[in-house]
Engineer: 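I'd like to ask you about the structure that follows.
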Amino acid sequence: MADLLDGMVRAFWLVVTLDSDLVEITLRSLRVTLTALAIAALIALPLAALLSVRRFRLRRTTIAVLNALMGLPPVVVGLIVYVFLSRSGPFGVFGLLFTPTAMIIAQVIIIVPLVASIAHQSLRELWSDYHDLLISMNASQVQRVKALLWDGRRALLTAALAGFGRAIGEVGAIMVVGGNIDHATRVLTTAIALETGKGDFSMALGLGFVLIAMAIAVNLAIHWLGHTESEGRW
Amino acid sequence: MKNVFFGAVASLVLTGAALADDMKLAVTTSFHNSGLAEILLPEIKADLDLDVQLLVVGTGQAIRLGEAGDVDAILVHSKKAEEKFLAGGNGTHRREIMYNDFVFIGPKTDVAAVHAATSAASALQLIAEASAPFVSRGDDSGTHKKELSLWQAAELDPAGFGSWYRAVGAGMGAALNTASGMDAYIMADRASWLNFGNKGDLALLFAGDPVLFNQYAYLPVNPEKHAHAKNDLAMKLEAWLTSDKAKELINAYKINGETLFVFNATQ
Amino acid sequence: MSEQMFPMVAKQALVRRRGKVLVGPVDLTLKGQGTTIVIGPNGAGKTTLLKMLHGIVRMNGGALDWACPREEAQKRQAFVFQAPIMMRRSVVDNIAYPLQLIGVRRKEARARAAVWAERINLGDALGRQATLLSGGERQKLALARALIRAPDVLFLDEPCASLDGRATREIEEILQQAAAEGTRLIMSTHNMGQAQRLADEVILVLQGRIHEFTPAKAFFAGPKTPQGHAFLRGDIVE
């Protein structure tokens, strides 16, 4: 218990004094995760919409695979990305290993299945509503996808936030491909792992509280920007 | 106005030209936990204008990174693994830098009476006889390999141990956490122990047997195998690590008044 | 002037689902004038027939042809469903949507939609979420959305089924206006009064087949078949 209270006090002081290390790793956490989220959304959301409206032979298989990929342990993704980006690997020449870029790549791979799966669930429902209408109006495939993505944007936001949550708390993959290098690839989660390993639990908890607070702040900000609670909106 | 403008451009250009060199060095968790890096890195930056990016991993992973050419040099403490590394043509040579020692940690109650042991081997025999809980790194690290060699020297085989022997497959800090939580015995490097923040009911019970000395060596990655490896910087760093300044800093480094490392590089 | 859509000719058209025949075989020729009302008991296949004629239900046999090419014909029809489908957006954006589909700029589409909204008495609810409208308002919106591109043919599947008298009257007024402007209406209904008010010709559907296809006056004066009589009388007919 003392550790928990200690942790909260540490968190408070770190934030109030704007500890430069904390600011640095927090900004890097945000940068890596938000970039990964943006890229993942660009891939996953249209994919989810297409899966909802298009009939093709492998549709059910694709959906099943996507759902299964959600259960992939992040550290496994990290190892696979490491093997590809390693100097002795196929993409070694780009020198991406142990950079934030490698971390972004790993996180994109981790959250695309999650965002696509959740988005697909709600878009599928929306599509079953819109199906007769849009077909009657002769909307093209692209137009159907656009209508689903726009009208379904609240649910897509939920999917995106789920992806954000998964990525911001992720530590296994980015540890392997980022290396947790001080002032280069250290982020909140890897710093927490480091402090825990050193036995400095109150510091680890302090950073943990900062992480939770930041995640809540991001969620609130996005909901506020999206006016999800205003009158008359569904 | 023109002068200000040119001055600004000049300073930008010069800053660009003065951007520090950087290299990647894989070090073990034991080394990092000692805190010595925090003393050395700023000095290296100041003297050599070199940013040494540390990848803190287990010995096994450090060796893998060196073999893959993902780092420019490694600093580890497992002679057998180092020799294998060199035999595979992965490194240019090994340079001994310093040594510290391993210690036996255990619960203050010390059911196996380890504190009274006369040697490392007998301490381990006492633990095995008492079937007292013992946490092993179990991660193929330098520390783990050392531990296994000590059991061998005591004529005991960990493969045949009962459930009192717990191989956790984790770094030094994590393993110490586990030992603290279980009130178990554990072999740790002195630096990690001194810096460890969660001691609980554990205490240092046995140390000093020369077989427990732990030699750190520096191995630059072979540029013939990996052309992109920054060998010139790796050599620059090696020269600094074996300099008098490094000798002074390493020998003077203390935790709670205790020195940890003994500089023993041939200069 | 664009090509003529009519006559529409269906030959042995058949819709089968899960081994059961829902509609057909149906032989039907529709000419380009007037309002056709489709009547029949529940489960007779009226909805499936309309959807088949409109082309949103796949046929399992037979042929359906319009006088102009299929793509052309598809663009000039619209359908109002029994349960109005509201898009999750505002009233004005719902009505404007068909225009945006054919490339009309947003501003112009919304302006034209606003005019229609006014016509259906939803002029002061332009920004309201369509999903919050009452049943009658939704159906009026669906109708406006269907008519905004001035289709040549409008299919309606029991549009007033769950509406009160006032909403029904408003809808019928709009339909009568559309018919007067030349829109071909093909509509199913349970309301015999409505059928008599609007029909130029009547199709009686029983068990998926067209049982009678007669000019309205003749039908309501005296149907040709006993089932037709029974149906008008209000007896249960299957």
Side-chain angles (χ1 to χ4, degrees), chain A residues 1-4 6-7 10 21 28 75 78-103 171-172 174-187 190-207, chain B residues 20 22-27 29-30 32-35 37-38 41-42 45 51-58 61-62 64-72 90 168 170-181 188 191-200 202 221 225-230:
Chain A
M1 272 321 284
D3 276 330
L4 271 180
D6 245 347
R10 290 293 281 262
D21 275 337
R28 194 173 296 121
V75 71
L79 281 170
I80 295 175
V81 174
Y82 166 80
V83 165
F84 274 88
L85 294 182
S86 163
R87 283 287 177 177
S88 23
F91 298 120
V93 285
F94 298 117
L96 291 174
L97 193 62
F98 304 138
T99 63
T101 308
M103 296 157 78
V171 64
I174 56 177
M175 193 71 117
V176 171
V177 305
N180 196 18
I181 300 175
D182 205 11
H183 300 303
T185 56
R186 186 163 299 166
V187 294
T190 55
I192 292 171
L194 186 66
E195 295 302 323
T196 306
K198 278 157 66 170
D200 192 350
F201 286 177
S202 68
M203 183 59 165
L205 282 169
L207 291 174
Chain B
D22 67 85
M23 64 170 275
K24 293 190 172 64
L25 176 68
V27 302
T29 53
S30 315
H32 182 79
N33 286 351
S34 70
E38 253 120 87
L41 284 181
K45 176 80 200 259
D51 262 320
V52 178
Q53 296 187 327
L54 292 184
L55 278 100
V56 182
V57 292
Q61 200 177 348
R64 279 284 275 116
L65 290 176
E67 286 170 358
D70 287 326
V71 292
D72 304 302
N90 297 299
V168 292
M172 197 70 249
L176 279 167
N177 273 329
T178 308
S180 177
S192 291
W193 167 249
L194 288 175
N195 259 335
F196 183 60
N198 187 28
K199 293 186 167 79
L202 299 178
V221 164
K225 196 169 183 199
H226 298 285
H228 59 269
K230 299 178 185 176

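Residue numbers begin at 1 in each chain, while the letters A, B, ... track the order of the sequences. Atoms considered below: every heavy atom in the structure, side chains included; atoms not considered: hydrogens, waters and symmetry mates.
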Engineer: Heavy-atom distances under 4.5 Å only: say whether B/K24 touches chain A with side chain, backbone, both or neither.
Structural biologist: side chain

Engineer: In the structure I gave you, are the side-chain heavy atoms of B/L54 and A/D182 within less than 4.5 Å of one another anywhere?
Structural biologist: no

Engineer: Quick check for you: among B/H32, B/Q53, B/H226, B/M172, which has the greatest number of heavy-atom pairs under 4.5 Å with chain A?
Structural biologist: B/Q53

Engineer: For A/V176 and A/V75, which heavy atoms make the closest approach, and how far apart are they?
Structural biologist: CG2-CG2, 4.2 Å

Engineer: Residues in side chain to side chain donor-acceptor pair (under 3.5 Å) with B/T178, at least two apart?
Structural biologist: none

Engineer: If I measure from the heavy atoms of chain A, does B/D70 come under 4.5 Å with its side chain, its backbone, both, or neither?
Structural biologist: both

Engineer: What residue, out of B/G173, B/G69, B/A68, B/S192, has the most heavy-atom pairs lying under 4.5 Å from chain A?
Structural biologist: B/A68

Engineer: Tell me, please, which residues at least two apart from B/K45 pass salt bridge (Lys or Arg N to Asp or Glu O under 4.0 Å).
Structural biologist: B/D51

Engineer: Given B/N177 and B/N198, is the side-chain hydrogen bond (donor to acceptor under 3.5 Å, both in side chains) satisfied, shown in steps?
Structural biologist: CA-CA 7 Å; B/N177 273 329; B/N198 187 28; 3.1 Å; yes

Engineer: Under 4.5 Å from any heavy atom of chain A, what part of B/A174 do you find: side chain, backbone, both or neither?
Structural biologist: backbone

Engineer: Checking heavy atoms, do the side chain of B/L176, its backbone, both or neither come under 4.5 Å from chain A?
Structural biologist: neither

